[in-house]
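Down below is the structure, laid out as structure tokens.
Numbers restart at 1 for each chain; the letters A, B, ... are given by sequence-line order, proteins then strands.
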Amino acid sequence: MTVQLVPTKAGNTDTALRRNGCLAALSPETLAHLKPYLKRQDVLEGTILWDPEQPSSDVYFPATGVIAIGVPLREGSNVESASVGPEGAAGAFLEAENEQALTRGVVQIGGDFYRISAAHLSGLPNREILALQTFCKDWILLQAQQRAACNAVHTAEQRLARWLLQNLERANGTELRATQELIADALGIRRTTVTLIAQSFQAKGHIQYRRGTISAPDPQRLAKLSCECHAGLSKGHWPSQRLASFSGRGPAHRREA
Amino acid sequence: MKRYFFHLKKGHETIIDPRGETFASKQDAYDHGVAVIQELMRYRELASRSWQLEICDEDRCVQCRLLFASYDPALEKVPPQVRRTVEIVSHSRASLSDTIAALNRSLLEVKATLARANNMPFLATYEGQRVEQ
Ligand SMILES: [Zn+2]
């Protein structure tokens with residue numbers, strides 16, 4: 001599939017930009033610098049943003065939706081190693097400079113993203129931008145390490161609960177647009193397996209599944225079914241939260257102000 | 001291509017697969033069923049041994065019932081008669097504790113036999129009951 005990015009006509013108001021947690025955590029001065037280069041675009045599920053054959057020189061900040069990052073192993077295999085939603089950013093800065101790109105970024109949940117060229121992002125000699133890139137890389141690395149351990153010891157049911165929790169949290173705990181095929185693909189298991197587990201979660205009232213939209217009336221119940229990996233990926237590790245603390249714009253710093 | 005449905009039976013609970021998948025042959029559907037069993041039971045082999053996957057065709061006729069215990073990789077290295085015992089015990093939908101109790105009891109029986117053979121004043125008991133052949 002080729003890159004399909006549909007420009008949207010909505011403008012880059014600060015309110016719109018701040019739907020991405022990292023952009024929201026930047027100081028007004030830094031955000032004002034980046035603003036002219038940030039392009040808002042609707043992205044469709046399944047769009048390949050970058051891969052080893054089609055490296056991208058851009059960085060993506062999801063306002064809604066999720067990017068799945070993985071290392072393509074064989075044709076059609078797309079098990080995620082990490083995923084990034086409105087709590088972070090991903091793209092060209094992940095790979096070492098002048099090296100062959102190794103990862104693939106695919107839109108897992110469609111939404112609207114802000115795109116900026118990596119050159120414009122790093123062109124700004126600013127410690128906030130450096131921190132942003134570091135925190136975003138840490139986040140992806142942390143998830144990849146945890147994912148590897150999770151796949152090796154936790155049951156399909158625990159992993160599905162973990163995936164749902166993580167993505168509901170990103171979507172502010174409300175609703176999640178995800179088909180069972182998509183979840184099966186992300187977890188590297190068969191669609192029938194996802195259906196059977198989801199049916200059992202639904203029968204027990206842990207989730208509600210309607211026309212590809214999932215909601216959880218009480219996420220605490222899902223948390224009990226999930227493996228402990230979910231706790232290891234809590235909000236404190238989100239690049240947006242770390243950046244907010246770093247820039248002195250987080251809740252921890254508001255007290256001092 | 002025919003559609004097959006994969007229903008999961010966990011004790012009294014039945015989880016319906018409302019969507020099913022299409023396959024060119026019954027063998028392909030069976031292979032898919034086995035793969036689903038392996039995904040569902042991975043890292044919870046002990047707890048899921050008595051579960052069953054029921055494969056139904058488009059007319060909702062049951063094609064086969066697969067017992068999870070028969071596909072437990074942990075049992076592959078176990079002698080065939082022990083494996084068969086686990087399958088039979090699981091099949092009778094005995095609870096996990098029943099399975100463990102049965103295995104413990106048979107171990108105690110072996111100990112009691114050995115004790116008697118050695119002329120030892122040994123009384124093997126299990127849950128207060130004397131273990132006898
Ligand atoms: Zn896990």
[X] side, atom [atom1]; [Y] side, atom [atom2] - distance, nearest 0.5 Å:
| X | Y | atom1 | atom2 | answer |
| --- | --- | --- | --- | --- |
| Q158(A) | R44(B) | CD | CZ | 7.5 Å |
| L40(B) | I197(A) | CG | CD1 | 5.5 Å |
| T195(A) | I16(B) | OG1 | CD1 | 12.5 Å |

Looking at E21(B) and R190(A), is there a salt bridge between them, counting it only when a charged N and a carboxylate O are closer than 4.0 Å?
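No, R190(A) and E21(B) are not salt-bridged.
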Which of these, T155(A), L187(A), I189(A), sits in a side chain to side chain contact (heavy atoms under 4.5 Å, CB included) with E39(B)?
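Only match with E39(B) under side chain to side chain contact (heavy atoms under 4.5 Å, CB included): I189(A).
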Would a distance-only check, ignoring hydrogens and angles, find a side-chain to backbone donor-acceptor pair under 3.5 Å from Y43(B) to A152(A)?
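Between the backbone of A152(A) and the side chain of Y43(B) there is a qualifying donor-acceptor contact (under 3.5 Å).
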For T192(A), is there any backbone N or O sitting under 3.5 Å from a side-chain donor or acceptor partner on R19(B)?
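Between the backbone of T192(A) and the side chain of R19(B) there is no qualifying donor-acceptor contact (under 3.5 Å).
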Is there side-chain contact between R42(B) and N151(A), with at least one heavy-atom pair below 4.5 Å?
no
If you count every heavy atom of other residues, nucleotides or ligands that lies below 6.0 Å from [X] atom [atom1], does the total exceed 12?
| X | atom1 | answer |
| --- | --- | --- |
| R221(A) | CZ | yes |
| K204(A) | NZ | yes |
| K2(B) | NZ | no |

Checking heavy atoms, do the side chain of S200(A), its backbone, both or neither come under 4.5 Å from chain B?
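Contact with chain B is through both the backbone and side chain of S200(A).
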